[in-house]
Asker: 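Once you've had a glance at the structure underneath, I'll fire off some questions.
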Amino acid sequence: MRYSKYFIPTHKEAPSDAEVISHQLMIRAGMIRKLTSGVYTYLPLCLRSIRKVEDIIREEMNRAGAIEILMPAVQPAELWQESGRWEHYGRELLRFKDRHDREACFGPTHEEVITDLIRKEIHSYKQMPINLYQIQTKFRDEIRPRFGIMRGREFIMKDAYSFDVDEEGANLSYEAMYEAYTRIFDRCGLKFRAVEADTGAIGGSYSHEFMVLAETGEDQIINCTGCDYAANLERAEVKPSETLPESDVQELNPIIEVATPGIKTVEEVADFLSVLPSQLIKSLIFVVDGEEIAVLIRGDHELNEAKLKSLLGAQTVELAFERVVEEITGAPVGFAGPVGLNIRIVADHALKGMRDFVTGGNRKDLHLRNVNMKRDFEVDLFGDLRVITSQDSCPRCGRKIEFGRGIEVGHIFKLGTKYSQALKAVFLNHQGKETPIIMGCYGIGVGRTVAAAIEQNHDKDGIIFPIPIAPFEVIILPLQMHDTGVVETAEKIYTELLDIKVDTLLDDRDERAGVKFNDADLLGIPIRVTVGVKGIKGGQVEIKLRSETESFFVPINNAASSINEKVEALNDSPK
RNA sequence: CGGGGCGUGGCGCAGCCUGGUAGCGCACCUGCUUUGGGAGCAGGGUGUCGGAGGUUCAAAUCCUCUCGCCCCGACCA
């Protein structure tokens with residue numbers, strides 16, 4: 001491609017609303033332009049990167065035995081009502097009506113559509129396993145789109161769905177996808193980690209997220225330094241600590257009421273009473289599928305709502321409004337406690353060993369000291385409810401854990417029969433018995449993968465693309481466009497590279513050297529070939545890798561083959 | 001949805017408080033010079049100051065409404 005005939009509108013400055021580096025660089029490098037909140041045009045450079053990611057995805061999905069299809073973006077409401085998600089998916093689902101006033105939505109995901117297809121076409125165990133995938137534009141009306149195409153509302157996604165006759169087959173399908181995803185992100189040249197994850201709105205029983213490691217990632221992840229356990233923070237299990245014997249009940253101290261005027265937060269109360277936050281118990285009132293429930297957490301711990309949700313098998317979990325808290329506890333927010341409450345109480349494991357602790361007094365400006373379980377209140381259900389901390393050890397092997405951040409680029413789920421049951425996707429098994437199909441689903445954010453790659457690979461001058469997903473592999477910079485020797489040499493190498501199928505951009509603009517160098521750095525094309533009068537005199541051109549500071553010279557005559565060697569070397573060396 | 005902030009040329013911003021001819025840098029166009037790390041000089045074009053209404057002799061500026069965008073929050077009492 002010739003730069004002068006192409007469309008790469010670069011900018012020196014990033015717009016002020018671009019927060020993260022990948023967003024800034026994608027705007028500056030002329031990759032994306034915003035149309036409206038969370039909705040972007042992919043300019044040619046970005047599209048080339050996206051296509052390269054898509055090609056890698058296709059190759060690996062096909063290798064894993066999946067089959068590409070393309071489903072409609074617009075979906076009828078009836079299907080979503082049938083699965084129950086018309087109600088549950090919430091405001092993220094973009095809904096509208098057609099001219100006949102029929103309700104529809106723009107697909108944010110395709111479990112309903114694919115399951116509908118499968119229930120109509122698959123009736124026998126002989127037709128499975130099967131895995132169908134597509135690469136398509138989705139729309140999710142995010143609460144707060146941000147970071148450019150990292151969290152857009154409209155985005156390109158690869159989604160795959162597997163259908164199996166039994167659990168064992170479903171596990172094989174899942175593992176095949178796990179391997180395919182590992183290969184995909186490896187081939188994209190990304191540093192990533194697969195972590196155990198919460199299943200969220202898609203539902204299902206078990207899942208892994210593929211996280212590109214980056215400081216600016218929206219997700220917090222933990223991993224064990226001793227074994228291969230890694231998880232999303234919202235999922236990470238906490239090993240229950242040793243519980244103390246419960247035999248010495250008689251030695252418990254009597255409850256003391258303490259006036260705590262205006263003192264509400266854990267820090268304030270602990271400070272006021274000169275105790276550690278770990279001696280306090282936070283009592284949080286939640287509305288769980290319409291039922292009010294008290295949740296008890298140690299003062300220095302943090303509740304993990306996802307865990308609460310799964311412990312109770314709930315659809316919705318919401319912190320109660322102030323008014324509700326006042327009705328239930330008889331006190332303003334900040335003074336809730338378990339003593340005397342007549343609603344269900346669930347508590348984190350960490351409370352088991354505690355005695356003589358501090359809680360709210362269910363009265364304005366009152367806390368209680370020396371509160372104890374069993375004597376003063378009963379816990380209906382214990383569970384793992386808190387967020388893991390740096391003091392905790394690995395739930396599998398007990399060794400030290402590390403915290404980090406990541407960008408979720410892929411997510412694989414075991415769905416079980418959630419959708420096949422709701423939509424009655426059944427088949428006849430060997431015994432001729434009607435059985436629900438076991439499903440799995442597997443997503444990759446294609447645009448986000450490109451953004452994540454930039455987030456992970458850049459410097460002060462711009463992007464440093466991993467070569468497998470770079471829009472071009474090589475950029476040629478003829479520095480003096482008025483010098484026929486320079487131009488001819490650049491053209492010669494350009495033609496030779498195109499002949500051997502190296503993706504090459506020739507910067508044939510009549511610009512000053514500095515402009516070309518800076519743009520080349522900004523665009524992040526992995527290999528730069530500089531053709532200048534100086535080099536030509538010695539019969540040489542200069543080659544520099546974007547990822548390195550040193551350059552070297554090669555003879556013009558075999559420049560193309562030297563460059564090709566570099567291209568292949570870079571392609572073969574995953575990060 | 002709650003809180004905060006911002007809308008002035010393509011981009012980045014000043015001007016607004018204290019009303020009085022709309023400005024700067026980059027970008028863009030023309031010419032000359034320059035040409036291995038975002039050139040210099042000269043000339044030029046570019047705005048319904050987000051929109052509507054109001055106050056006023058006069059509004060980018062003050063007031064009201066509205067739209068859009070961004071940030072934080074929407075769980076930890």
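Each chain gets a letter, A, B and so on, in the order the sequences are listed, and its residues count up from 1. Every heavy atom of this structure was used, including side-chain atoms; hydrogens, water molecules and symmetry mates were not.
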Asker: If I take atom CG in residue A/Asp17 and atom P in nucleotide B/G12, what distance separates them, rounded to the nearest angstrom?
Answerer: 7 Å
Asker: Could you go step by step and tell me if A/Leu93 and A/Phe139 meet the side-chain contact (heavy atoms from CB on, under 4.5 Å) rule?
Answerer: CA-CA 8 Å; A/Leu93 187 62; A/Phe139 194 96; over 6 Å; no
Asker: Between B/G43 and B/G38, how far apart are the C1' atoms? Round to whole Å, please.
Answerer: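 The answer is 23 Å between these two C1' atoms.
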Asker: Could you check how far CD1 of A/Ile536 sits from C1' of B/G36, rounded to whole Å?
Answerer: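 The distance from CD1 of A/Ile536 to C1' of B/G36 comes to 12 Å, rounded to the nearest Å.
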Asker: Distance only, no hydrogens: is a donor on one side chain within 3.5 Å (strictly under) of an acceptor on the other, for A/Ser207 and A/His411?
Answerer: yes
Asker: Ignoring hydrogens and angles, does a donor from either the side chain of A/Glu542 or the base of B/G36 sit under 3.5 Å from an acceptor on the other?
Answerer: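 Yes, the side chain and the base share a sub-3.5 Å donor-acceptor pair.
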Asker: If you measure from the P atom in B/C65 to the same atom in B/G4, how many Å do you get, rounded?
Answerer: 14 Å
Asker: Please figure out whether A/Val515 or A/Phe147 has its closest RNA chain B nucleotide nearer the 5' end.
Answerer: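 Closer to the 5' end of RNA chain B: A/Val515.
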Asker: State the pairing partner of B/A60; accept Watson-Crick or G-U wobble contacts with both distances under 3.5 Å, and report none otherwise.
Answerer: none
Asker: Say you pick atom P in B/A42 and the same atom in B/G5; how far apart are they, in whole Å?
Answerer: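 Looking at atom P only, B/A42 and B/G5 are 43 Å apart.
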Asker: Counting the atoms with a prime plus P, OP1 and OP2 as sugar-phosphate, which does A/Lys34 contact under 4.0 Å by heavy atoms, base, sugar-phosphate, or nothing?
Answerer: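 Answer is sugar-phosphate: A/Lys34 comes under 4.0 Å of backbone atoms only.
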Asker: Measuring from A/Leu233:CG to A/Arg405:CZ, what's the distance to the nearest 0.5 Å?
Answerer: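 The CZ atom of A/Arg405 is 9.0 Å from CG of A/Leu233, to the nearest 0.5 Å.
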Asker: Can you tell me the Watson-Crick or wobble partner of B/C17, both distances under 3.5 angstrom?
Answerer: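 B/C17 is paired with nothing.
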Asker: Between A/Lys534 and A/Glu542, is there a salt bridge with N-O shorter than 4.0 Å?
Answerer: no
Asker: So what does A/Gly360 touch, heavy atoms closer than 4.0 Å: a base, only the sugar-phosphate, or nothing?
Answerer: nothing
Asker: Provide the distance between the two P atoms, one in B/A39 and one in B/G50, to the nearest whole Å.
Answerer: 33 Å
Asker: Using the ring-ring contact (aromatic ring centres under 6.0 Å, His included) rule, pick out the option among A/Phe272, A/Phe357, A/Phe335 that qualifies with A/His367.
Answerer: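 Running ring-ring contact (aromatic ring centres under 6.0 Å, His included) over A/Phe272, A/Phe357, A/Phe335 with A/His367 returns exactly one hit, A/Phe335.
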Asker: Distance check, C1' atoms only: B/U8 and B/G47, in whole angstrom units.
Answerer: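 Roughly 8 Å separates the two C1' atoms.
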Asker: Mind checking the P distance from B/C29 to B/U46? Whole angstroms is fine.
Answerer: 16 Å
Asker: When all nucleic acid strands are considered with a 4.0 Å heavy-atom cut-off, which category describes A/Arg91: base, sugar-phosphate, or nothing?
Answerer: nothing
Asker: Dump the pairs, protein N or O against N or O of nucleotides 74-77 of chain B, anything under 3.5 Å, distances to one decimal.
Answerer:
unit_1: B/C76; atom_1: O2'; unit_2: A/Lys282; atom_2: NZ; d: 2.9
unit_1: B/C76; atom_1: O2; unit_2: A/Leu303; atom_2: N; d: 3.2
unit_1: B/C76; atom_1: N3; unit_2: A/Glu302; atom_2: OE2; d: 3.3
unit_1: B/C76; atom_1: N4; unit_2: A/Glu302; atom_2: OE2; d: 2.9
unit_1: B/A77; atom_1: O3'; unit_2: A/Lys264; atom_2: O; d: 2.4
unit_1: B/A77; atom_1: O3'; unit_2: A/Thr265; atom_2: N; d: 3.2
unit_1: B/A77; atom_1: O2'; unit_2: A/Gly334; atom_2: N; d: 2.6
unit_1: B/A77; atom_1: N6; unit_2: A/Ile285; atom_2: N; d: 3.0
unit_1: B/A77; atom_1: N6; unit_2: A/Ile285; atom_2: O; d: 3.3

Asker: So A/His349 and A/Phe382, would you call those rings parallel, tilted or perpendicular, with 30° and 60° as cut-offs?
Answerer: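 If you compare the ring of A/His349 with that of A/Phe382, the planes turn out parallel.
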Asker: Between B/G45 and B/U64, how far apart are the P atoms? Round to whole Å, please.
Answerer: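 Approximately 39 Å lies between the P atom of B/U64 and that of B/G45.
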Asker: Which base, if any, makes a Watson-Crick or G-U wobble pair with B/G31, both distances under 3.5 Å?
Answerer: B/C41
Asker: Between B/A74 and B/U56, how far apart are the two C1' atoms, rounded to whole Å?
Answerer: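 It works out to 43 Å between them.
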Asker: Could you please name the partner base of B/C26, counting Watson-Crick and G-U wobble pairs only when both distances are under 3.5 Å?
Answerer: B/G10
Asker: Under 4.0 angstrom, heavy atoms only, what part of the nucleic acid is A/Thr530 near: base, sugar-phosphate, or nothing?
Answerer: base
Asker: Just checking A/Arg528: base, sugar-phosphate only, or nothing, at a heavy-atom cut-off of under 4.0 Å?
Answerer: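 Base contact.
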Asker: Does A/Thr36 have a side-chain nitrogen or oxygen under 4.0 Å from the phosphate oxygens OP1 or OP2 of B/C69?
Answerer: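 Answer is yes, contact under 4.0 Å.
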Asker: Considering every strand shown, what is the Watson-Crick or G-U wobble mate of B/G2 when both distances are under 3.5 Å?
Answerer: B/C72
Asker: Does the Lys NZ or Arg CZ of A/Arg95 fall within the cation-pi geometry relative to A/Trp80 - under 6.0 Å from the ring centre and within 45° of the axis?
Answerer: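 No, a cation-pi geometry is absent between A/Arg95 and A/Trp80.
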Asker: Taking only side-chain N and O atoms of A/Arg512, does any of them lie within less than 4.0 angstrom of OP1 or OP2 on B/G38?
Answerer: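 Checking B/G38 against A/Arg512, no side-chain N or O comes under 4.0 Å of OP1 or OP2.
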